[in-house]
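Read through the structure below, which is laid out as structure tokens, and then see the notes.
The chains referred to below are lettered A, B, ... by the order of the sequence lines, with proteins before strands, and numbering in each begins at 1. Quick caveat: nothing in here was measured; it's all calculated off a predicted structure.
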Amino acid sequence: MNRYNPLAIESKWQKIWEDSEAFKADDKSDKPKKFLAEMFPYPSGAGLHVGHVRNFTIVDVLARYYSQKGYNVLRPFGYDTFGLPAENYAIKTGVSPQSATATNVANFRNQLKKLGYAIDWSREINTSSPEYYKWTQWCFLQLYKKGLAYQKESYQWWCPVDQTVLANEQVENGHCWRCGSEVEKKKLKQWFFKITDYADELLDDIDTLDWPDKIKIMQKNWIGKSTGAEINFETEDKKAIRVFTTRPDTIYGATFLVLAPEHPLIKDLINDNTRKEVEDYCRNAIKKSEIERQENKEKTGVFTGSYAINPATKEKIPIWVADYVLIGYGTGAIMAVPAGDDRDREFAEKFNLPIVEITQVPKKPFGTEKTTYRMRDWLISRQRYWGCPIPIAYDKDGNAHPIPEDQLPVMIPEVADYKPDNSGHSALAKATDWLKVTISGKEMIRETDTLDGYACSSWYLWRYASPHDTANAWDPAKISYWSPLDVYVGGDHAVAHLLYIRFWCKFFADEGKLPFREPIIKLLYNGYINAPDGKKMSKSKGNVIDPLDVINDGYGADTLRTYEMFIGPYDQDAAWNPRSVGGVYRFLNRCWTLCFEAKLQNVKNENIRHKTIKKVTEDIERAAFNTAISTLMEYVNELYKVGANEEDLITLAKLLKPFAPHLASEMLEQLSADDSWPEYNEKYLVTDMAEVVIQVNGKLRAKLQIPVEDLDNQTKIEQLALADPNVQKFTNNNIKKTIYIKKAKLLNIVC
RNA sequence: GGGCGAAUGGCGGAAUUGGUAGACGCGCCAGACUCAAAAUCUAGUUCCAGCAAUGGAGUGUGGGUUCGAUUCCCACUUCGCCCACCA
């Protein structure tokens, strides 16, 4: 007797798919298209983990399902290869990031092939290859030309260990998202993208997206639009202090002003008595790490010595400095209304400032209407070697000049030592020859900052349309055929990446380079897979499940894939259960046995077969992969009971193929069948007899088998129900009314 | 502090629009096959009572709406995630 041998079957089909370039997408086709992708991974040295497998398998199930349905499917793959781990590894070992990245990509590619993914390998992209980052630099220059890439000196998050600036999104509870060390503030000249120009459109278009509400709400909160007013308060010597408030109507209760410690007017408001105290306070507050500000929410502040006039009450009110007012939001100054705002009240109580109830509301509002956003411009400078060089050079006066497009890419030079120095420059500053560049005949020095990795991932989906184009970032005709992306799958970057890619899409649409304003139609945001103990998998805890071990232990890729789809709803976190893996293996083994070992039976299974087709199809459409698989399990269990005919096995193999493509291909080959997605026929969904549930006062008391044509005959059903002894026991001939729901095949007798 | 979500057997989960709660899988239990084990197959498995038919209870807690509530409403408890002095 033969046995299900997944490893033999899988290597056979993987070779067939590779040799025939089975998943090469067609740039022109009469068929409707589907463009599907996962959030491309950072290829770490550890290789694939089970979380990747969940993410990529969802895409693969959809890609195979739509192919089987007759769509022209584009399912490419890429690697997000710039980043700190490769650079830190280089600093530690001397192995260049270029070389470590090549090794890791090759390892990922081999592992992906062992999973049998339906990837168009001719479209593989890699953000750290010069052919790719040339166009990342080109994108930067387009933004620069329109004034959307600009330099500004400001206080920025600085990670003292990684020696780099971090964006707001890369600071988690006052700690660096990479190395976990406490971050500090540093005043630096940095490059920014002006994402705030698109704040309104980014906000308004969220409602048009077929994305999870959770993500949409997070993006809305991140953008944080609020409308209010800016009001000028004059000091006694006629200096204007502009404040922002969402409640201009509370101005009669404004009893003092508060400025952020970084506010530029502070130096004009202090006097000889207050100078030292205020300057000390500001210096400390600016230096104070965010973690200290958070841990100690006790209000602190100092009086400047100056007063302003409340334009509503004409009262003289003191001007204070306090770090609970943030320089980056509004105008960096507020009118404090302690009677209406908890923070202002706390401050007033601590410093004995007047708390005045709001007695009137101004008929004509003070100030001018103003909208503000919590979202700040996107800080893109990174003082790191292993990133996309910013295509800028400086003349001898320090003025920035773009590198001409025909001089792209600005290549990453080879260096001997990858360590950044402590002057705030990356290791690129050590490449002395590379630093020198001639633009329009003038000697200049190159920018040594590199771009935030999120810039590289802000356009990669469009590169998939024409990954080898040497004349364009993306081919206009091909991108209009494939884009926008129909389904994007991932479990990370709810705000950052998914907001940035929307921003670039809108910008390039305005440039006439993209014929759509939203890059991703549908987003599936998958949950994490945790260790069997329910905790996060981590090397230090030693609870990591290696997906390649699961395959090589003999279960095979089909079991691994099917198990990860069966583990639970795709959007929820799940804990790995080794025993359940065995259960899925048993299921595939039963499929194999039915096809290769069992005798075909002359049975009529139309009803169960067509019910199965309908349910599995609908479940895949609504991304309920776990119940699609349980439906297939029910079908197999039924076929074991009643026997299977050839049509049953063909249908089973076709429905199974998105999840277990190797086994299904083997079955289809044995059955000499193609893999076209089966259609169900409504006429087989109905049976001769139907079960009607009889309730008395909402409690189940009997089940009746009646001919289907009698389902419309309520009188007859009632008669049959009342003839049932168990129903009689509970009704006692005392019936108030009956409710019959045909759709639910349910009769409720109320008494 | 604010926002969002979740809570169902021994465990993971199902119930898609208010209509038979517990599909499917794990585990457990019994049987078949075997010298035996593994593998495989068959049957059972929410709890309580009962040989059984069947009855009672039951979806975090307390209330409400309804003929009927895991599903809708109100209050609460616990857990998870996100944001967090944004005026």
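For A:Asp213 and B:C4, the CG to P distance is 11 Å, given to the nearest whole Å. A:Phe625 places its CZ atom 23 Å from the P atom of B:A23, with the value rounded to the nearest Å. One interatomic measurement links the two molecules: CG of A:Leu711 to P of B:G19, which rounds to 18 Å at whole-angstrom precision. Atom CZ of A:Arg586 is separated from atom P of B:G27 by 5 Å (rounded to the nearest Å). Atom-to-atom, CD1 of A:Ile739 to P of B:A69 comes out at 12 Å; the value is rounded to the nearest Å. Residue A:Lys220 contributes atom NZ, which lies 19 Å from atom P of B:A84 at whole-angstrom precision. Distance CD1 (A:Ile215) to C1' (B:G5): 12 Å, rounded to an integer number of Å. Atom P of nucleotide B:A7 and atom CG of A:Asp573 are separated by 14 Å, given to the nearest angstrom.
Closest approach of A:Leu499 to A:Leu202, counting heavy atoms only: O-CD2, 4.2 Å.
Contact of A:Glu691 with B:U20 (side chain to base): a donor-acceptor pair of N or O atoms is detected under 3.5 Å. Between the side chain of A:Lys641 and the base of B:U42 there is no donor-acceptor pair of N/O atoms closer than 3.5 Å. Checked by distance alone, A:Lys214 brings no side-chain donor or acceptor within 3.5 Å of a matching partner on the base of B:C82.
Of the listed nucleotides (B:A14, B:A39, B:U16), B:A14 has the atom at the smallest distance from the side chain of A:Pro569. Closest contact between the side chain of A:Gln572 and the listed nucleotides B:G13, B:A87, B:A15 involves B:G13. Nearest nucleotide to the side chain of A:Val750, out of B:A87, B:G19, B:C67: B:C67. Distance from the side chain of A:Ile217 is smallest to B:C4 among B:A87, B:G19, B:C4. Among B:A87, B:G25, B:A43, the nucleotide with an atom closest to any side-chain atom of A:Asp341 is B:A87. Taking the side chain of A:Thr627 as heavy atoms from C-beta on, and the options B:G25, B:C67, B:A14, the nearest nucleotide is B:A14. Of the candidate nucleotides B:G27, B:C24, B:A84, B:C24 has the atom lying nearest to any side-chain atom of A:Asn637. In this structure, of B:G25, B:U54, B:A23, it is B:G25 that holds the atom nearest to the side chain of A:Met633. In this structure, the nucleotide among B:U40, B:A14, B:U20 sitting nearest to the side chain of A:Asn626 is B:A14. Checked against B:C24, B:A87, B:U16, the side chain of A:Phe566 finds its nearest nucleotide in B:C24.
Not one side-chain nitrogen or oxygen of A:Lys699 sits closer than 4.0 Å to the OP1 or OP2 atom of B:A21. In this model, the phosphate group of B:G55 is approached by a side-chain N or O of A:Asn726 to a distance below 4.0 Å at OP1 or OP2. The side chain of A:Tyr324 contributes no N or O atom lying less than 4.0 Å from OP1 or OP2 of B:A87. Within the structure, every side-chain polar atom (N or O) of A:Arg701 is placed at least 4.0 Å from both OP1 and OP2 of B:U54.
Summarising the geometry, atom CD1 belonging to A:Ile206 is positioned 8.0 Å from atom CH2 belonging to A:Trp211; distances are rounded to the nearest 0.5 Å. A:Leu209 CG to A:Gln219 CD: the interatomic distance, rounded to the nearest 0.5 Å, is 7.5 Å.
For A:Asn543 (side chain) and A:Ser538 (main-chain N/O), a donor-acceptor pair under 3.5 Å exists by modelled atom type. No donor-acceptor pair under 3.5 Å is formed between the side chain of A:Asp377 and the backbone N or O of A:Phe192. In this structure a side-chain-to-backbone donor-acceptor pair under 3.5 Å is missing from A:Lys703 to A:Val692. For the pair A:Gln728 (side chain) and A:Leu722 (backbone), a donor-acceptor distance under 3.5 Å is present.
Using atom P as the reference point in both B:U70 and B:G58, the two lie 10 Å apart (nearest Å). Across B:U45 and B:G25, the matching C1' atoms stand 14 Å from one another, rounded to whole Å. Taking the P atom of each, B:U34 and B:U46 are spaced 32 Å apart, rounded to whole Å. As rounded to the nearest Å, B:U59 and B:A21 have C1' atoms that lie 7 Å from one another. Of the P atoms belonging to B:G13 and B:G18, the separation is 23 Å, rounded to the nearest Å. Comparing the P positions of B:U71 and B:G64 gives a spacing of 15 Å, expressed to the nearest Å. Of the C1' atoms belonging to B:G9 and B:G60, the separation is 15 Å, rounded to the nearest Å. B:A75 and B:U20 have their P atoms separated by 28 Å, given to the nearest Å.
Here A:Ile567 lies in heavy-atom contact (under 4.0 Å) with sugar-phosphate atoms only. Across all strands shown, A:Lys736 has no heavy atoms under 4.0 Å from either base or sugar-phosphate atoms.
Each of A:Tyr373 and A:Ala575 lies near RNA chain B, and the nucleotide nearest A:Ala575 is the one positioned closer to the 5' end. Each of A:Ser226 and A:Ala744 has a nearest nucleotide on RNA chain B; the 5'-most of these lies closest to A:Ala744.
For A:Trp576 and A:Tyr563, the gap between ring centers is short of 6.0 Å.
Classified by its glycosidic torsion, B:G50 falls in the anti category, the angle being over 90° from 0.
The number of heavy atoms from other shown groups lying within 6.0 Å of NZ (A:Lys615) is above 12. Heavy atoms from other residues, nucleotides or ligands lying under 6.0 Å from NZ of A:Lys535 number 12 at most.
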So what's the dot-bracket for RNA chain B: Watson-Crick or G-U pairs under 3.5 Å, [ ] if a pair crosses, | if it pairs off-strand?
-> (((((((..(((......[....)))((.(((.......))).))((((....))))..(((((..]....))))))))))))....
